[in-house]
Asker: 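Questions regarding the structure given below will be posed in turn.
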Amino acid sequence: MRPLIVIGNWKMNGSLGSNQDWIKTVARGMESGMPSGRKYAVCPPFPYLQQCADLVKSHSLTFLSLGAQDASAYKSGAYTGDVAASMLKELGCSYVIVGHSERRQMHQEVDEIVSAKALQVLDSDMTPVICVGETADERNSGRAEEIVCAQVAKQVNVLQDRLADCLIAYEPVWAIGTGKVASAQVAQDMHRAIRLQLAEFDEDLASHVGILYGGSVKPDNAVELFAMLDIDGGLVGGASLNPQDFLAICQA
Ligand code: PEP
């Protein structure tokens, strides 16, 4: 049985003050208990990871793990501005997002870089959340499944068995931050296609890998999305900035 996982991605948002309020509200909301068999994490910007780790600890927020939004493709060395996976591990991260479409589009991150980052994250004993997804043009031209499965296949080629310790996030680019959520059936169909692509490599691995949906997940659409057979939770951007919305999605 795959656990349901909800991961908040704050992107480049937050401040020392607002982070404090967010963790306090989520801690209050979670202290009376959460549905069992689920996992929750939040990915603040790098400079706030230590603060959030301290706040999670001081509020005894055992339900919430910490994640990062990216990691370097390299282990250490002369890579100005990069943050090594081992540093994120030291700060208490359990998850690291790699290959988010904003990084693929704005920082020219190709599949090879995404796999190199995922390997660094795995080597530091954390879970990479590998994002894949098609653009609006690719979907409109009927190539969505081909594009997404090719992205998954490239990860399989490099990561092989180690994919068993990864999560995949299907994030249609046209749904990210746009309010245009994929219908539960459209998302389910793509999650199924991703699982079948993984099964070509290893059926057992395919049945165990968590595949999250991301793209305008909100409290009012999370229930329907999470009820689908191959949707194992969500990667939540905008809605995760509001602690009440994040809590509502975690409880969906
Ligand atoms: C994301 O950034 O991963 C994301 C899914 O964003 P949003 O929920 O705002 O669409």
Side-chain angles (χ1 to χ4, degrees), residues 4-14 18-19 22 26 39-46 48-49 52 64-71 88 93-107 109 114 117-118 121 126-136 138-139 144 147-148 151-152 155 166-184 186-188 190-191 194 210-226 228 230-252:
L4 190 103
I5 306 176
V6 179
I7 301 179
N9 171 17
W10 284 357
K11 310 193 188 197
M12 200 171 72
N13 293 293
S18 66
N19 303 344
W22 191 98
V26 169
K39 295 181 179 181
Y40 314 101
V42 65
C43 302
F46 293 136
Y48 298 136
L49 283 169
C52 290
L64 191 72
S65 302
L66 212 56
Q69 299 173 19
D70 190 29
L88 301 172
C93 289
S94 305
Y95 300 92
V96 181
I97 300 169
V98 293
H100 191 284
S101 62
E102 286 155 12
R103 297 214 57 89
R104 288 182 189 254
Q105 288 187 328
M106 294 180 231
H107 299 270
E109 290 191 5
V114 176
K117 291 184 169 195
V121 174
M126 296 177 291
T127 304
V129 183
I130 303 170
C131 301
V132 294
E134 81 285 359
T135 61
E138 288 164 346
R139 175 155 289 271
I147 297 288
V148 170
Q151 289 172 344
V152 173
Q155 297 308 317
C166 300
L167 292 171
I168 292 181
Y170 167 56
E171 298 209 304
V173 180
W174 47 270
I176 296 182
T178 60
K180 286 187 210 156
V181 64
S183 73
V186 163
Q188 162 60 24
M190 188 62 86
H191 282 230
I194 292 170
I211 307 176
L212 312 185
Y213 169 79
S216 298
V217 176
K218 304 270 184 285
D220 61 2
N221 57 34
V223 174
E224 199 188 353
L225 285 162
F226 296 172
M228 303 310 278
D230 289 290
I231 299 184
D232 305 313
L235 181 53
V236 186
S240 74
L241 295 174
N242 179 323
Q244 298 293 0
D245 285 353
F246 180 72
L247 276 168
I249 294 169
C250 289
Q251 283 155 346

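Indexing begins at 1, ligand by ligand and atom by atom, following the structure's order.
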Asker: Looking at Y213 and V181, what are the two nearest heavy atoms and their distance?
Answerer: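 Heavy atoms of Y213 and V181 come nearest at OH-CG2, 3.7 Å.
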Asker: Ring centres of W22 and F246 under 6.0 Å apart?
Answerer: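 Distance test on ring centres: under 6.0 Å, yes.
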Asker: Under 4.0 Å, heavy-atom basis, I'd like to know which part of S240 is in contact with ligand 1: side chain, backbone, both or neither.
Answerer: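 Looking at S240 and ligand 1, no heavy atom falls under 4.0 Å.
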Asker: Crowded around K39 NZ? As in, over 12 foreign heavy atoms under 6.0 Å?
Answerer: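 Counting neighbours around NZ of K39, 12 or fewer heavy atoms of other residues, nucleotides or ligands fall under 6.0 Å, so no.
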Asker: Tell me which protein heavy atom sits closest to atom 9 (O) of ligand 1, plus the residue, atom name and distance to 0.1 Å.
Answerer: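 That would be G238 N, 2.8 Å.
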Asker: Tell me which one of P44, S94, C43 satisfies side chain to side chain contact (heavy atoms under 4.5 Å, CB included) with L66.
Answerer: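 Exactly one pass, corresponding to P44.
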Asker: Where is the nearest protein heavy atom to atom 1 (C) of ligand 1: which residue, which atom, and how far?
Answerer: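 Protein heavy atom with the smallest distance to atom 1 (C) of ligand 1: H100 NE2, 3.2 Å.
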Asker: Measuring only between side-chain heavy atoms, which start at C-beta, is D70 closer than 4.5 Å to E109?
Answerer: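 They are in contact (side-chain heavy atoms under 4.5 Å apart), so the answer is yes.
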Asker: So, 4.0 Å and heavy atoms of A239: is ligand 1 close enough to count as a contact?
Answerer: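 It does not; every heavy atom stays at 4.0 Å or beyond.
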Asker: What protein heavy atom sits nearest atom 4 (C) of ligand 1, and how far off is it?
Answerer: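 Its nearest protein heavy-atom neighbour is G237 N, 3.6 Å.
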Asker: Short list, please: which atoms of ligand 1 are under 4.0 Å from a heavy atom of A175?
Answerer: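 Atoms satisfying the 4.0 Å criterion: 10 (O).
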Asker: More than 12 heavy atoms of other residues, nucleotides or ligands under 6.0 Å from CD of E224: is that the case?
Answerer: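 Open: at most 12 neighbouring heavy atoms sit under 6.0 Å from CD of E224.
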Asker: Is it the side chain, the backbone, both or neither of N9 that has a heavy atom closer than 4.0 Å to ligand 1?
Answerer: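 Side chain only; the backbone of N9 stays clear of ligand 1.
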Asker: Give me the residue, atom name and distance of the protein heavy atom closest to atom 5 (C) of ligand 1.
Answerer: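 Of the protein heavy atoms, E171 OE2, 3.0 Å lies nearest.
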